[in-house]
2 protein chains.
Amino acid sequence: MRPLQARLKSIGIMLDEDIAILDRLQRRTRDYPAGCIVQREKGRMEATRIVVTGWAIRFRTTPDGHRQIVNFLLPGDSIGLYGALFEKSDSGVELITDATLAEFPCAELMDLFRESARLGAALCWIGGQDERFLEQQILRIGALNATSRIAHLLVELQQRMLAAGAAPADAMTMPITQKLIAEALGISHVHANRCCRKLEKRGLIETGQQGLTLLEPTELKSICGYQSSAGPATDLPEASLRRLGRSTG
Amino acid sequence: MRPLQARLKSIGIMLDEDIAILDRLQRRTRDYPAGCIVQREKGRMEATRIVVTGWAIRFRTTPDGHRQIVNFLLPGDSIGLYGALFEKSDSGVELITDATLAEFPCAELMDLFRESARLGAALCWIGGQDERFLEQQILRIGALNATSRIAHLLVELQQRMLAAGAAPADAMTMPITQKLIAEALGISHVHANRCCRKLEKRGLIETGQQGLTLLEPTELKSICGYQSSAGPATDLPEASLRRLGRSTG
DNA sequence: CGCTTCCTTGATTTATGTCAACGTGCGTGG
DNA sequence: CCACGCACGTTGACATAAATCAAGGAAGCG
């Protein structure tokens, strides 16, 4: 199953017909190589895209050339979900691995809203989750020290991989470099390296050529005081579910 | 005119009937004193609220007691816009001035989506803007030094006041303390004070008992490399406007 | 009047940035 | 095949931004 469907299925309101609609929406996919800029900063948003496989980053650049990663995009995440509502994007999107993206015109998304109120709500829910990820990022950068920031980020990414349907074993290894960690967390890559080495020496993570591996997620959580956000299964209020079920017709 | 209407009117798709609907949605208001916690962290979201007058903060707290402000809420901003989609809120909301809030059940918002596709899109647009504010906040905290962070925050808040319909003169003074600035930008209040004093001595801002005043917004922008996001007037693509106009019926 | 909150400033410590150098793997092109 | 450049990781020495500790002043408020 595609990761978007996996995420939405976990909130418990998806019917088979909804899954079919989502399959249709993502029928056109395209492969891109790592390093590809899928969305330019201040550029037009032409299409809505959904990450099917691979990882990407959403970033912004300051006038002095400093690049800040605002969020990582994993399978199941959207690029330009509100594309129909905004002429331009403030942030850019770059692929950090080879990736497969599902692409469709922004307008098709609005048709989907008409077709199924449940799905419309589900996609708003995705958007709301994005906002939570940004809040988590602010918490990390604003309130934690460098080592805790790294632990916090790694734990969040793992949770998100699991939510997108990755097998628990696969969700331990992620295709990120120390440089990316540094750019995401507002620290220098030298300092990021030192903190990573510290975590590695404590046996909490492992770095290899294909990425970074979490060895002790539980301990990582404890050193950064990670608070998991409200679980998806219990998150959608029952009253809303019934409402949406009715209005679909 | 209420600030929410002012913000939406500036994007150019509001008809008189839409304004009337928004007026009706905000017919029930309630006054709260400064310091009031309107939404508890990890608490249930009972209602959707819109700030009519006054300022608030959205915050999160780490296990070690550090409070991080993730966003400021100004007149026209929403609290719990996606209330129907999430059982609990991850962040808390506290009023930093006396405030008037419009309150209505989350479900009423979904009725509104059915009533006017234009308004539904407009409210998604508000949600999308919130996301941009969070991205700005990440950029500030992650990529700028303390003084620039302060300048950047102040400029953004002023822009947002203007967008909500404040008179240009009023948009110069904001009801925030140095402690709040520190909590928002991830710096100590002592350091925030030193940076503020530096800006004050350069004649860029002024601090008085009723708040902080921007004297030289232009220069503040230049010292932090502030990039204004795409303007609202040109932001909603024409194609979407026409689409929405039709589907309203 | 005492309490609280906010602002202010100085002295000192600490976390993190910067600069510099070097190793490794890896793809590219000769 | 080798030589080369390039991106990434690693480590040390040093510089600096910012945190912490400490103390006090001013304004609001019961």
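Every chain is numbered from 1, with letters handed out A, B, ... down the list of sequences.
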Participant: Where along residues 135-155 of chain A does a heavy atom come under 4.0 Å from DNA chain C, residue by residue in number order?
Facilitator: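 Within this stretch, A:Asn145, A:Ala146 sit under 4.0 Å of the strand.
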Participant: Strictly below 4.0 Å, heavy-atom distances to any atom of DNA chain D: list the hits from residues 172-193 of chain A, or just say none.
Facilitator: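 Contacting residues: A:Thr177, A:Gln178, A:Lys179, A:Val190, A:Asn193.
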Participant: Which atom pairs, donor and acceptor, lie under 3.5 Å between side-chain atoms of residues 174-182 of chain A and protein residues at least two apart or in another chain?
Facilitator:
| residue | atom | partner | partner atom | Å |
| --- | --- | --- | --- | --- |
| A:Thr177 | OG1 | A:Lys179 | N | 3.4 |
| A:Thr177 | OG1 | A:Leu180 | N | 3.2 |
| A:Gln178 | OE1 | A:Asn193 | ND2 | 2.8 |

Participant: To the nearest 10°, let me know how far the axis at one end of the helix from C:dC1-D:dG30 to C:dG30-D:dC1 is tilted from the axis at the other, five pairs an end.
Facilitator: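 So the angle between the two local helix axes works out to 40°.
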Participant: Which residues satisfy the side-chain contact (heavy atoms from CB on, under 4.5 Å) test with A:Glu219, sequence neighbours excluded?
Facilitator: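 Residues passing side-chain contact (heavy atoms from CB on, under 4.5 Å) with A:Glu219: A:Arg202, A:Leu204, A:Glu216, A:Ser222.
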Participant: How would you list all residue pairs meeting salt bridge (charged side-chain N to carboxylate O under 4.0 Å, His left out) that involve residues 203-213 of chain A, not counting sequence neighbours?
Facilitator: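 Listed once each, the pairs would be none.
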Participant: For B:Tyr226, enumerate each residue passing the ring pair (Phe, Tyr, Trp, His ring centres under 6.0 Å) test, keeping only those at least two apart in sequence or located in another chain.
Facilitator: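 Scan of B:Tyr226 (ring pair (Phe, Tyr, Trp, His ring centres under 6.0 Å), adjacent residues dropped) gives B:His152.
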Participant: For B:Arg30, enumerate each residue passing the side-chain contact (heavy atoms from CB on, under 4.5 Å) test, keeping only those at least two apart in sequence or located in another chain.
Facilitator: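 Residues passing side-chain contact (heavy atoms from CB on, under 4.5 Å) with B:Arg30: B:Tyr32, B:Glu103.
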Participant: Write out a two-atom table: protein N or O, nucleotide N or O from nucleotides 2-4 of chain C, distance below 3.5 Å.
Facilitator:
none

Participant: Determine, for nucleotides 25-30 of chain D in 5'-to-3' order, which nucleotides have protein heavy atoms under 4.0 Å from the base (write B), from only the sugar-phosphate (write S), or from neither (write -).
Facilitator: ------
Participant: Would you please name every residue forming a side-chain contact (heavy atoms from CB on, under 4.5 Å) with B:Pro168, sequence neighbours left out?
Facilitator: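 Listed in chain order: B:Leu162.
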Participant: Suppose we screen for side chain to side chain donor-acceptor pair (under 3.5 Å). Which residues come up paired with A:Thr62, at least two apart in sequence or across chains?
Facilitator: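 Here the qualifying residues are A:Asp64.
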